[in-house]
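Only this structure's heavy atoms are used, side chains among them; waters, hydrogens and symmetry mates stay out. By convention in this document, chain letters (A, B, ...) are assigned in the order of the sequence lines, proteins followed by strands, and residues within each chain are numbered from 1.
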Amino acid sequence: MNKWRLLLPLLACLLMTGCWNRVELNDIAVISATGIDWKDGNWVLSYQVVIPQAISSQSAAGNSAAVNVFSTKGESFRSAVSKASQETSRRLYFSHTQIVIIGQEAARKGLGPFLDTYLRNHDSRETVSVYLSKGSARRMLEQLIPLEKIPGAAIQRMITNEEMNSSTFRQMTVHQVLLDLLGTTHATGLPGLTVSGANENVERAEQLTHTSTPSKVRLSELALIAGDKLVGWINNEESQGVMWLSNHVKKTTIPFACNEDGNGPKSSSIRITHAKTEQHPRQSNGKWVMQIEASAVGTLMEYNCEGDLSKPKQVEKVEKLIEGEISSIMEQGWKAVRRQKADVVGFGNTIHKKYPKEWSQISDSWPEMFSDTEVKLSVKVKINSTGMSGSGFKKEQKKGGK
Amino acid sequence: MQQIGKNQLSILIIIFLIGSTPLFELGIKAKQDAWLAMSAAAVAGLLLTFMYVRIQKRAPEAELAELYTMHFGRWIGGFIGGLHALWFAYESMRNVRDVGELTMMALLTFTPKWIVMLLIISAAAYTVSKGLEVFVRVVQLLFPIVALSYAFLILLLFIARLPKLMQLLPILENGIGPVMKSAFPDLLSFPFGQMVIFFVFWKHVSEKKVIGRVSYWAYIGVSIFLILMNVLVLCVLGPELAALSALPLLEVVQMIRLANILERLDVIVTLLLFIGLYVKMTALYMAAVFTLKAVTGIAYRFCVLPVGLVIYASSFLETNNTYHLWIGLDITLKIVPLFQIVLPLLMLVVGLRKKYKSAG
Amino acid sequence: MRQNRSNMETKGAVMNIQNAGEFTPFSPSLHANVETIRNRFGGSTDIVIRMFRSDAAPDREVAIIYIDGIVDSETVNESVMEPLMSMKLPPHAYVKGAKLLEALRSCVVSIGSVQVIEGLEQALQYLTDGLCVIMADGSAAALTADVNGGEQRSVTIPQTQTVIRGPQHGFVENVRTNISLIRRIIRSSDLHVQMHKIGRQTHTNVAVLYLHGIADEGIVKEVYRRLADIDIDGVLESGYIEEFIQDETFTLFPTLLNSERPDTVAAALLEGRVAVMVDGSPMALMAPTTFFTFFQSPEDYYQRFDIATFVRMIRYGAYVISIVLPALYIAVTTFHQEMLPTTLLISLSAQREGIPFPGLVEALLMELTFEVLREAGLRMPRAIGPAISIVGALVLGQSAVQAGIVSAGMVIIVSFTAISNFVMPEFNMAATSRIIRFLFMIMAGMFGFFGIFISVLFMLIHLASLRSFGVPYMSPMAPGPTKQGPWRDVFIRMPWWAIVLRPLDLNLRNPKRRPNGKKPPAQRHSDKA
């Protein structure tokens with residue numbers, strides 16, 4: 001009986017104290033994407049808030065946009081966030097944020113404060129993917145994207161699609177960025193976003209009722225970050241080279257020309273289904289030599305050159321052509337990152353792992369040494385299948401014409 | 001007298017040692033060699049366990065306080081026993097506080113700590129009042145939950161292909177020095193040296209003959225598991241991020257992202273850690289009560305509430321988390337070896353001399 | 001032989017208990033005795049007293065007394081009345097005094113169970129038990145003849161615990177019939193049955209059944225001890241007994257299994273449990289009982305083992321769901337929204353737009369409504385049952401959502417919880433989750449997952465501290481079994497040839513059900529036509 005008498009005040013306490021952390025679903029504003037800009041000495045944070053009624057199948061969806069975008073300003077991130085309560089009726093809810101877009105200016109200022117907030121706060125997911133935009137981040141958030149209701153989620157899916165199917169860019173989560181920037185080389189590459197097409201925004205839901213939209217959000221160019229600041233951009237081809245160098249290619253399509261010197265129209269292409277790159281560093285007279293060994297397996301997708309593909313000799317020849325193409329892609333990529341002195345390909349990391357002693361001596365001067373590194377490429381391509389037809393269509397036609 | 005079986009003993013050792021250990025990336029001062037530091041400490045801990053079991057074998061029916069009085073005489077032994085009871089209570093308090101901090105950080109940011117800690121300490125007090133048998137049964141009930149959850153998490157981590165063994169390289173970058181420095185005394189005293197608590201529980205094992213064997217195997221098994229978890233966290237986060245993060249395991253689990261459904265599993269991890277903390281807290285609480293009873297002669301059931309109140313009250317003494325961790329990792333670690341190493345060692349030596357005397 | 005002796009002994013014991021209060025010897029005068037009995041019953045009209053003189057002993061009057069309706073009147077007429085009336089006693093038996101009764105017992109009354117009694121209270125007791133009392137003028141003793149009978153429900157299909165495959169008969173309200181049902185299954189002299197009378201006014205027959213040599217002697221003794229301690233005016237159902245003999249009063253969890261199925265009771269007896277049956281109740285109690293017993297349906301053992309295992313897993317899952325699902329829903333939607341997939345979160349929050357109550361209140365409201373509906377469904381006249389289900393399910397559920405009072409998600413959660421609750425084969429275990437669920441919901445509403453964690457922890461500590469007749473409630477999980485056997489019938493049901501040991505991890509005298517290593521050999525059939 002004594003026990004119960006003791007429990008009673010405890011229960012009373014529990015009931016009186018109420019519910020501290022309780023937040024009802026209709027008291028939160030779910031944010032699908034955040035944008036970060038730097039303007040006049042202030043951080044400008046933009047939020048893409050999801051409007052559930054517009055998405056849910058229950059209520060009549062109608063033609064209203066499913067998201068609402070607004071911005072707040074502040075000298076620090078969280079102060080900007082807290083100012084949001086002055087203009088929204090609901091608490092901002094960040095846990096479901098899918099993407100973060102950083103404006104170019106903000107990136108030049110530095111990613112440090114942004115990353116720190118992510119580490120410190122529990123409600124920020126580190127699986128959020130990060131993008132850089134050439135213009136203001138807010139503009140990116142305002143664009144509607146066909147097929148998808150929530151633009152933030154759409155961009156997130158866009159990069160996954162890209163990563164899986166052409167590997168020019170890869171998804172960079174906050175976690176990945178942290179790993180890179182805290183890691184050996186303090187450098188990373190982030191995919192860029194631009195609005196292409198006419199200089200008109202797709203902001204109204206009616207615009208999506210047409211069969212084409214005047215402009216489109218697309219992934220383009222890779223931003224190089226060294227330290228925590230943006231140091232430069234490299235274009236899509238170079239970005240692909242970086243992916244090859246750093247072993248991030250999963251599946252991609254490579255066009256190649258018929259001539260061995262690589263000139264001429266690249267009218268044939270191969271679908272790479274497996275790719276792997278290994279980096280083998282070694283030292284020779286004070287300089288580092290990086291032996292890159294790439295290997296790829298693929299299926300021929302289109303073939304508009306001469307030669308009978310039913311002969312193994314010819315297939316080997318084609319493999320050689322593709323190998324040349326891949327090494328020229330890597331070459332381009334290497335040149336680009338060397339120019340920017342940003343080790344986003346992870347050479348420093350490999351050297352650190354293989355030669356820890358030597359690394360401790362050179363780690364401070366690595367950015368200089370990095371651009372002096374000599375890269376030797378060797379590529380192995382294996383064509384798995386030449387598709388369902390043996391020789392080319394044209395050749396068959398010629399045969400028939402005889 | 002309450003009795004526990006040998007399987008129950010091994011499960012108690014396993015869950016007790018797991019406790020909150022996976023929560024922290026221990027030995028991270030040695031960077032990517034943290035797991036080596038962990039292994040070194042585990043081996044040293046095994047030696048300690050050997051020593052403990054040896055002392056226990058001299059008087060299988062005695063518990064810690066009785067062993068002290070046996071070796072050091074009634075007054076000195078009683079005094080040391082009292083100190084040790086206080087020490088158990090203090091360690092228990094640290095776990096209560098850990099629950100409070102963990103909840104604040106990971107689950108309920110706005111809920112006051114006092115109520116969270118009150119709830120968990122009342123669960124512990126309820127268990128202690130029911131006695132050792134019930135406590136061990138609870139641990140047995142929790143064991144499958146813990147085992148399956150960890151297995152599930154590890155499986156998911158591998159399916160998501162998060163661990164990268166490369167993160168462990170280069171091994172022994174700065175030689176063996178930093179590894180040893182971070183292993184001793186820190187890692188030895190937490191978690192491995194905490195085996196000292198089983199001086200209180202071994203007495204209650206029904207099969208006295210096997211306590212050594214069971215304890216060693218359980219200890220070895222759980223050490224391997226802890227080292228594995230350490231390696232896993234390192235492999236996912238990398239040494240830099242692991243050192244930066246306050247709760248690395250939570251960070252690791254947040255990375256899991258599968259099929260759009262299995263996201264945010266960190267809540268599961270938090271609950272797992274709660275289980276570990278609860279078991280540790282209750283075991284220490286119970287050890288404090290047992291020891292106090294043996295020293296003062298006050299009946300068990302009268303000790304439960306006062307000790308619980310002391311633990312609860314003292315958990316408010318530290319003002320914030322930084323202070324809590326600082327005391328835990330700096331101050332505490334300097335005193336711990338006294339209880340975990342010096343006193344048992346003294347007992348061992350004194351016992352040897354006594355034995356010779358009686359023989360001669 | 002031993003069987004009989006022990007039965008005799010206990011009958012004596014029962015009598016001692018009964019007669020401990022008072023003992024009034026019969027008077028030698030028949031009329032005085034009859035008057036006393038009549039007065040003791042307050043002149044009740046259902047007391048039948050038939051007095052007559054027979055040819056064999058014309059100078060001595062004989063009386064037959066019984067209570068109408070609880071005796072089998074045909075038996076009374078044919079086996080007692082008729083032989084007495086037309087009795088022809090051999091001359092040597094025609095003696096005075098008590099010898100007459102002895103002669104009647106040995107030569108005249110053609111009933112199996114006839115006894116000589118000497119006290120008035122005994123006579124009253126046997127009368128109320130449905131026996132008939134025969135008295136003769138001039139002897140200070142009486143005869144009782146067991147003519148028990150009268151109207152009673154016949155053995156039918158069990159109402160509450162139904163199976164698809166398995167025996168289709170259930171207990172009735174008569175304890176003798178019930179014991180006979182068990183006897184027909186376990187045809188062994190080791191099945192010991194002992195009767196107790198409990199209840200100052202009702203004098204209810206309470207039978208204790210166990211298998212001698214299999215059940216733990218200590219537990220059998222403990223059952224007797226606890227039964228002997230009961231002092232109450234009446235016992236109307238086995239629930240009375242259950243509350244008196246369970247180990248812990250303040251617990252939601254049943255520590256005694258009950259069943260109205262003879263096969264379940266027989267199985268429990270074979271497992272070394274002790275069964276208690278109460279006259280007037282078709283529910284038998286079984287002890288010791290562990291937590292996991294409540295998840296075993298008799299049908300598990302009649303079906304194929306793999307299907308039974310699957311179904312059993314579902315039952316465990318359903319029980320957990322019926323306790324924690326609403327609490328989880330509350331915790332996730334009001335505390336841990338980050339755990340939901342984004343699309344689900346958005347669709348849930350769209351549903352919640354315009355709902356006036358907080359999640360906790362909404363859930364409590366719906367759960368309470370459901371409990372009311374359920375109770376209404378149980379108590380109302382059978383005929384209007386369908387009406388309630390229509391009102392409950394369609395009108396309340398559908399229109400509450402349409403009116404925007406509760407969200408559709410909540411209705412799904414509450415309905416699924418309710419259905420999960422019905423999966424449990426034992427009603428009293430299913431009932432625990434109904435109350436625990438509310439505690440969980442309140443804790444979840446205050447502390448989210450932490451609240452659920454604390455609630456689960458308290459529940460586990462409580463479960464671990466329970467015992468049923470000394471057996472830890474959570475065995476064989478905590479404490480774990482000392483032998484490997486008991487595991488084979490807890491979460492999974494192994495094939496019968498693999499279940500060698502009895503499930504209770506006690507020091508049973510005979511722990512094995514069957515010898516080891518008797519796996520049936522694989523049958524080889526030739527394909528030749």
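- Residues A:H175 and B:L241 form a side-chain contact, since some pair of their non-hydrogen atoms from C-beta on lies under 4.5 Å apart.
- Closest heavy-atom contact between B:V236 and A:L179: O-CD1, 4.1 Å.
- Going from atom CD of B:E251 over to atom CG of A:L178 covers 8.0 Å, rounded to the nearest 0.5 Å.
- Counting non-hydrogen atoms of other residues, nucleotides and ligands closer than 6.0 Å to NZ of B:K29 gives a total of 12 or fewer.
- Atom NZ of B:K113 has more than 12 neighbouring heavy atoms from other residues, nucleotides or ligands inside a 6.0 Å radius.
- With a 4.5 Å cut-off on non-hydrogen atoms, B:L237 touches chain A through its backbone and its side chain both.
- The 12-atom threshold is exceeded at CZ of B:F316, counting heavy atoms of other residues, nucleotides or ligands nearer than 6.0 Å.
- Atom CZ of A:R90 sits in a crowded spot, with more than 12 heavy atoms from other residues, nucleotides or ligands closer than 6.0 Å.
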